[in-house]
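The figures that follow rest on heavy atoms only: side chains count, while hydrogens, waters and symmetry mates do not.
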Amino acid sequence: MTHYYCHINGIKDTSRGNTYHNKRFKNEAEKRGLVIKYSAGIGYSVTAPSTELKQFVNNMQWSEKIKLYRNGTSAIPAEIKKAKSSTRKYVCPCCGMSVRATKEVNVLCMDCNEQLEVSL
């Protein structure tokens with residue numbers, strides 16, 4: 001929700017190629033009832049619900065629909081998890097040029113005259 005709000009309002013809330021939450025993310029997330037702490041390497045990403053947010057969810061009787069904790073498993077409900085990508089990456093063994101395809105294909109590097117190999 002915070003990322004979506006920032007996106008539609010032109011607020012850059014990440015850095016390092018969109019992998020590191022910055023102070024703008026922290027400020028916007030805290031406005032929405034989250035407690036954000038800093039961690040080296042991931043920025044302002046250690047997230048927990050505030051007491052007020054937990055009380056609100058309980059008062060609305062949403063506690064069965066909205067889980068405000070992490071228990072070692074994914075916080076994303078199974079029904080909305082992203083399906084594994086069917087994209088394959090093919091790489092020229094000679095020059096390293098690569099292409100991606102959504103099905104199995106035979107691809108030739110026209111510079112090296114080598115067949116591209118599937119990269120794992």
Side-chain angles (χ1 to χ4, degrees):
M1 175 181 74
T2 300
H3 286 300
Y4 181 67
Y5 175 85
C6 290
H7 173 74
I8 64 173
N9 288 285
I11 300 168
K12 180 151 175 50
D13 63 349
T14 59
S15 55
R16 291 189 190 169
N18 298 327
T19 59
Y20 191 90
H21 292 123
N22 60 31
K23 285 184 182 179
R24 288 181 290 268
F25 172 81
K26 178 185 185 314
N27 292 336
E28 293 300 330
E30 287 179 342
K31 289 178 188 177
R32 287 153 184 83
L34 297 174
V35 177
I36 308 294
K37 294 184 180 174
Y38 180 83
S39 176
I42 57 173
Y44 294 95
S45 295
V46 181
T47 307
S50 66
T51 302
E52 294 81 12
L53 180 57
K54 288 188 248 183
Q55 288 173 345
F56 176 77
V57 169
N58 287 332
N59 290 342
M60 297 301 290
Q61 299 179 342
W62 292 344
S63 57
E64 288 303 311
K65 295 178 182 174
I66 300 173
K67 302 299 181 193
L68 296 176
Y69 59 88
R70 294 187 186 193
N71 58 4
T73 60
S74 175
I76 302 169
E79 62 271 11
I80 61 171
K81 281 187 181 178
K82 208 183 231 187
K84 187 176 178 185
S85 173
S86 63
T87 303
R88 297 158 180 82
K89 181 178 180 182
Y90 293 87
V91 179
C92 175
C94 201
C95 70
M97 185 273 302
S98 65
V99 297
R100 295 186 187 274
T102 57
K103 64 179 189 173
E104 199 168 310
V105 294
N106 292 310
V107 185
L108 184 68
C109 176
M110 305 234 358
D111 293 330
C112 304
N113 201 30
E114 293 284 335
Q115 183 171 359
L116 275 62
E117 300 170 348
V118 175
S119 174
L120 300 175

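If you take CD on Gln55 and OG on Ser50, they are separated by 8.5 Å, rounding to the nearest 0.5 Å. The SG atom of Cys92 lies 9.5 Å from the CG atom of Asn113; values are rounded to the nearest 0.5 Å. Annotation: the span from Lys26 atom NZ to Lys23 atom NZ amounts to 9.0 Å, rounded to 0.5 Å. Expressed to the nearest 0.5 Å, how far CD of Glu30 lies from OG1 of Thr47 amounts to 9.5 Å. The distance from atom CE of Met60 to atom CG of Asn58, rounded to the nearest 0.5 Å, is 11.5 Å. Taking CG of Asn27 as the reference point, atom CD1 of Ile11 lies at 9.5 Å (rounded to 0.5 Å).
Between Cys94 and Cys109, every side-chain heavy-atom pair lies at or beyond the 4.5 Å cut-off. Residues Arg32 and Leu53 have side chains not in contact (no heavy-atom distance under 4.5 Å, counting atoms from C-beta outward). Thr102 is listed as a side-chain neighbour of Thr87, based on a closest heavy-atom distance under 4.5 Å. Side-chain contact check for Tyr90 versus Glu104: some heavy-atom pair is nearer than 4.5 Å. Counting only heavy atoms from C-beta outward, the side chains of His3 and Thr14 approach each other to under 4.5 Å.
Applying side chain to side chain contact (heavy atoms under 4.5 Å, CB included) to Asp13 and the options Phe25, Tyr20, Tyr5 leaves one that passes, Phe25.
Under the 4.5 Å side-chain heavy-atom criterion for ILVMFWY residues, a single connected hydrophobic cluster contains both Val105 and Met97. Residues Val91 and Val99 do not share a hydrophobic cluster, defined by chaining ILVMFWY side chains whose heavy atoms lie under 4.5 Å apart. Tyr38 is connected to Leu34 through a chain of hydrophobic side-chain contacts under 4.5 Å among Ile, Leu, Val, Met, Phe, Trp and Tyr, so both are in one cluster. Note: the hydrophobic cluster containing Tyr44 does not contain Val35 (ILVMFWY, side chain heavy atoms under 4.5 Å, direct or indirect links).
Remark: Arg24 engages no residue in a salt bridge (Lys or Arg N to Asp or Glu O under 4.0 Å) (not counting sequence neighbours). Shown here are the salt bridge (Lys or Arg N to Asp or Glu O under 4.0 Å) partners of Lys31, two or more places apart in sequence or in another chain: Glu28.
Considering every non-hydrogen atom in both Pro93 and Leu116, the closest pair reads CD-CA, 4.5 Å. Across every non-hydrogen atom of Ser39 and Val46, the tightest pair is CB-CG2, 3.7 Å.
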